[in-house]
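The chains referred to below are lettered A, B, ... by the order of the sequence lines, with proteins before strands, and numbering in each begins at 1.
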Amino acid sequence: MAHIEFKNLRKEYGSTVAVKELNLEIDDGEFLVLVGPSGCGKTTTLRMIAGFEDPTIGEILMDGRVINELEPRDRNIGMVFQSHALFPHKTIYDNIEFGLRMKKIPAEERRIIVKEVAEMVHITPLLNKRPGQLSGGESQRVALARTLVTKPSTFLLDEPLSSLDAKLRRELRAEVDRLHTRLRTTFVYVTHDQEEAMTLADRIVVMNNGEIEQQGTPMDIYSNPKSYFVADFFGSPSMNLINGEIVEENNKLAFKNNQLKVQIPDHFSDKVSGKVTLGIRPEHVKIKTDGGEIQDVIDLVEPMGKDTLLYFKAGAERPFIVIIEGLVTNDFKSGQSVGLDFPDDKVFLFNEHGQRL
Amino acid sequence: MRLNKRNKKYIFEGFRYSTLTIWLVIVGFPLFWIVGTSFKPDAEWFAWPPVYWSETPTLSNYANVWMGKEELTVTQYAQSMQKPWKALGNSTLVALVSTSLSVFFGAILAYGVSRYQVLTEARMFQLLMLRMVPPIVIVAPLSLHYSTLGLLDTHLGLILVYFLTTLPYAVWMTKSFIDEIPMEIEQAAEILGASKWRTIWEVVLPLARSGLVATFLFILILTWSEYLLALLLSKTEVVTLPVELSKYEGSTEGRVYGRQAALAVGITIPLIIIGIFIRKHLARGFSFGMVRR
C-alpha cells in the first residue's frame with residue numbers, strides 16, 4: 001500500500017515539455033486512471049513513478065518520502081507494460097518466478113507462491129510454455145502474474161490492454177478490476193480509452209498537453225465536463241458539439257448557426273456572448289414526431305441492437321447523433337423530418353478557448 | 001504473342017537458376033581447384049592442358065605438409081619454411097584472443113551506444129570510416145611504432161592490431177542485435193528487482209546470443225585469414241597460417257602448389273567445422289534478429 005504525491009513535477013525532453021507542473025495526490029488503495037490522447041504526458045508521468053524517467057523539476061513522494069533518487073527496483077513497485085515485456089527465452093514459470101528469485105526468496109517458498117498466483121489469474125496450464133506460444137490475452141495474464149508475485153505496494157499499468165481485441169479487453173478489464181478489489185493496493189492505470197477509464201477508475205485524471213485538464217470520479221467527469229476537450233473525450237458516441245454564436249432576439253438569448261436556432265437556458269444569460277460551442281450528449285436529445293424546438297431531417301438510421309442511432313446534420317461539422325432506446329427502425333426513416341428538444345439542464349456551452357460557460 | 005502468367009514464371013525461374021548456376025561455378029571453381037590440387041602428385045601441378053581429375057590421386061601432399069614426411073622429388077623444397085603446426089598454433093592463439101576481445105568490448109560499447117547514446121550517430125559512422133582506410137596505409141608507421149615498443153613479431157602485437165581493427169565491425173554488428181531487444185524487457189527485469197549487471201546477464205545476453213555468435217564467427221574469419229598485417233608485423237616467430245601459406249610460392253621456396261593446397265584445405269576445415277556447430281545461431285544471427293519478434 002502506498003500513498004503517492006507529485007509536487008510541481010515537470011519533465012522536459014530538450015525543448016519539448018512532456019509534463020508541466022503536475023501536482024497530484026494518489027491515495028492509498030486508490031484506483032487512479034490517467035487518461036488522455038497520445039502525447040499528453042500520461043505515460044511519462046507513469047514512468048516517472050516507476051523511476052525510468054527522472055523529473056526535470058519537482059518531487060515524487062511515496063508515503064511521505066522523496067523517491068526521486070531511488071532506483072526502480074528499490075521503489076517496491078510493480079509495472080505491467082503495453083508490450084507485456086515477457087522474457088522470451090524463459091518459460092512462463094521462470095518468468096513469474098523471476099521477481100521472487102531477485103528478492104532471494106527460498107526455492108520452496110517460490111514454488112508455492114508461483115502456483116498460487118498462477119491459479120489466481122488462471123494460467124496454471126501455461127506454466128511450462130514459452131511466451132512465444134501464448135496468445136495476447138494469455139501473455140497479458142502472465143505479465144500480471146509476474147508483477148503480482150512480488151507483492152508491490154503500487155501497480156503501474158501502461159495501456160495493458162491496448163494490444164488486445166475488444167472481447168478480450170472487456171474480459172481482462174474485469175480481471176484487473178477484480179484484482180484491485182481483492183488486493184486493495186494502489187493502482188495507477190494509463191489508457192487512452194475513455195471506456196476503460198470510466199469502468200475501472202475510482203478517480204480519473206484527464207491529461208492534455210502535459211497538464212491536468214480535469215479530475216474527478218467517472219460520473220463527475222462524464223456529467224460535468226469542465227472543458228470542450230473533456231466533453232469531447234468521454235462518451236461513446238461522443239457529445240454532439242456544434243459551433244455557432246449567441247444572438248439576442250426579443251430580449252432572449254439564442255444559439256444560432258447556419259442551420260438551427262435554439263433558445264438557451266436562462267442560467268447562461270449573463271455569461272455568454274459571441275462565438276460559442278453548444279454541446280449535448282446523444283442520449284439527452286428528445287425526439288418529437290410533431291412539434292419540438294427545432295426541426296431537422298434524419299440523415300441516417302443506424303440500428304445497434306439495444307439502441308438506435310439517428311444521424312442529423314444540424315449544421316455541425318460532425319454528424320449530430322441522437323440515441324433512442326430500443327430498435328425503432330419502423331418509426332424513423334432517413335429523409336423524415338422530426339423535432340428535436342434540448343432539455344435545459346443537459347445543455348453545455350463552451351467559449352472560444354474551450355472553457356465551459 | 002503475349003506471355004501468359006505461367007510462361008512468365010518459367011522464364012523468370014529459368015533466368016534465376018541460370019544466374020545462380022553461373023555464380024556457383026565462379027565461386028565454387030577455386031574451391032574445387034584447391035581441393036583437387038591437394039590430391040595431385042607433383043607432375044600434375046603444372047601440367048598443360050590442366051588436369052581436372054587427378055589420374056593418380058595421392059595423400060602425399062598432406063603427409064608432407066602436416067606430418068613432415070619429406071619426399072625428395074620436390075627439388076626446390078626449402079628448409080626455411082616453418083612447420084605448419086606452429087603456424088596453426090599462432091593463428092589459433094591470435095585469432096581466438098583478438099576475436100574474443102573484439103566481441104566482448106564491442107558488445108559493451110554497443111550496449112552503451114544502444115541504451116545510453118555514448119556515441120552519436122556521427123561518431124558511429126566515423127568508427128566505421130576508420131575501417132575504410134586501406135591497411136597498407138597504416139602498416140608502415142605501425143611497424144615503426146611496433147619495433148620501438150618491442151611488439152614486432154610478438155603474439156601481443158598481432159592480437160592488439162587485430163582487436164583494434166575489428167572493433168568497429170564488432171560494435172556495428174552487435175549494436176544491431178542489441179537494438180532489437182525491446183527496452184521494456186530490460187525495464188521489466190529491473191522493476192522486478194534485478195540489478196543492471198543481473199539484467200544484462202539474465203536478459204540481454206541470452207537474447208543477443210545468436211547475434212554475438214554470428215559476430216564472433218564473422219570476426220574470427222577476418223582475423224584467421226588476415227594476411228597483410230600478419231606478413232609485415234611478424235618476422236620469424238609469430239608466423240600465421242596465411243603467411244605460412246604464401247611461403248609455398250615465394251621466390252626462394254619455389255612453387256609447391258600441391259603442398260600449398262593441402263595446407264589451404266587444412267586452414268579452411270576448422271572454420272567449416274565451427275560453422276556447422278553453430279549454424280543454428282548463424283541462421284538466426286545473420287537474419288539480424290528480424291524473426292524474433
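No more than 12 heavy-atom neighbours from other residues, nucleotides or ligands sit within 6.0 angstrom of OH on B:Tyr17. Within a 6.0 Å radius of CG in A:Asn128, no more than 12 heavy atoms belonging to other residues, nucleotides or ligands are found. Residue-environment remark: CE (B:Met132) exceeds the threshold of 12 foreign heavy atoms within 6.0 Å. With a 6.0 Å radius and a threshold of 12 heavy atoms from other residues, nucleotides or ligands, B:Lys8 has its NZ atom at or below the threshold. For B:Phe15, the CZ atom sits in a loose shell: 12 or fewer heavy atoms of surrounding residues, nucleotides or ligands are nearer than 6.0 Å. In the displayed structure, A:Phe52 atom CZ is contacted under 6.0 Å by more than 12 heavy atoms of other residues, nucleotides or ligands.
Proximity to chain B (any heavy atom under 4.5 Å) is restricted, for A:Thr150, to the side chain, taken from C-beta onward. A:Arg146 touches chain B through backbone and side chain together, each having a heavy atom under 4.5 Å away. Of the two parts of A:Leu100, neither the backbone nor the side chain holds a non-hydrogen atom closer than 4.5 Å to a non-hydrogen atom of chain B.
Residue pairs satisfying the side-chain hydrogen bond (donor to acceptor under 3.5 Å, both in side chains) criterion with at least one member in residues 111-121 of chain B, sequence neighbours excluded, are listed as follows: B:Tyr111-B:Glu186, B:Tyr111-B:Lys196, B:Ser114-B:Asp179, B:Arg115-B:Glu186, B:Tyr116-B:Lys196.
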Set out, in order, the CA-CA distance, both residues' side-chain angles and the distance that settles side chain to side chain contact (heavy atoms under 4.5 Å, CB included) for A:Arg101 and B:Arg198, then state yes or no. CA-CA 11 Å; A:Arg101 260 194 318 120; B:Arg198 193 80 194 227; 3.5 Å; yes

Go through A:Phe98 and B:Glu202 one step at a time and tell me if the side chain to side chain contact (heavy atoms under 4.5 Å, CB included) criterion holds. CA-CA 10 Å; A:Phe98 188 85; B:Glu202 284 220 27; 3.4 Å; yes

Begin from the C-alpha positions of B:Gln187 and A:Arg47 and carry the test side chain to side chain contact (heavy atoms under 4.5 Å, CB included) through to its verdict. CA-CA 10 Å; B:Gln187 289 173 339; A:Arg47 291 173 58 81; 2.9 Å; yes

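Among A:Asn76, A:Asp158, A:Asp74, A:Ile77, the residue with the largest count of heavy-atom pairs under 4.5 Å with chain B is A:Ile77.
Nearest heavy-atom pair, B:Leu207 versus A:Pro88, reported as atom, atom and distance to 0.1 Å: CD2-CG, 3.5 Å. Taking every heavy atom of both residues into account, A:His89 and B:Pro206 meet most closely at CD2-CB, 3.5 Å.
Interatomic distance, CD of A:Glu97 versus CG of B:Leu192, reported as 12.0 Å (0.5 Å rounding).
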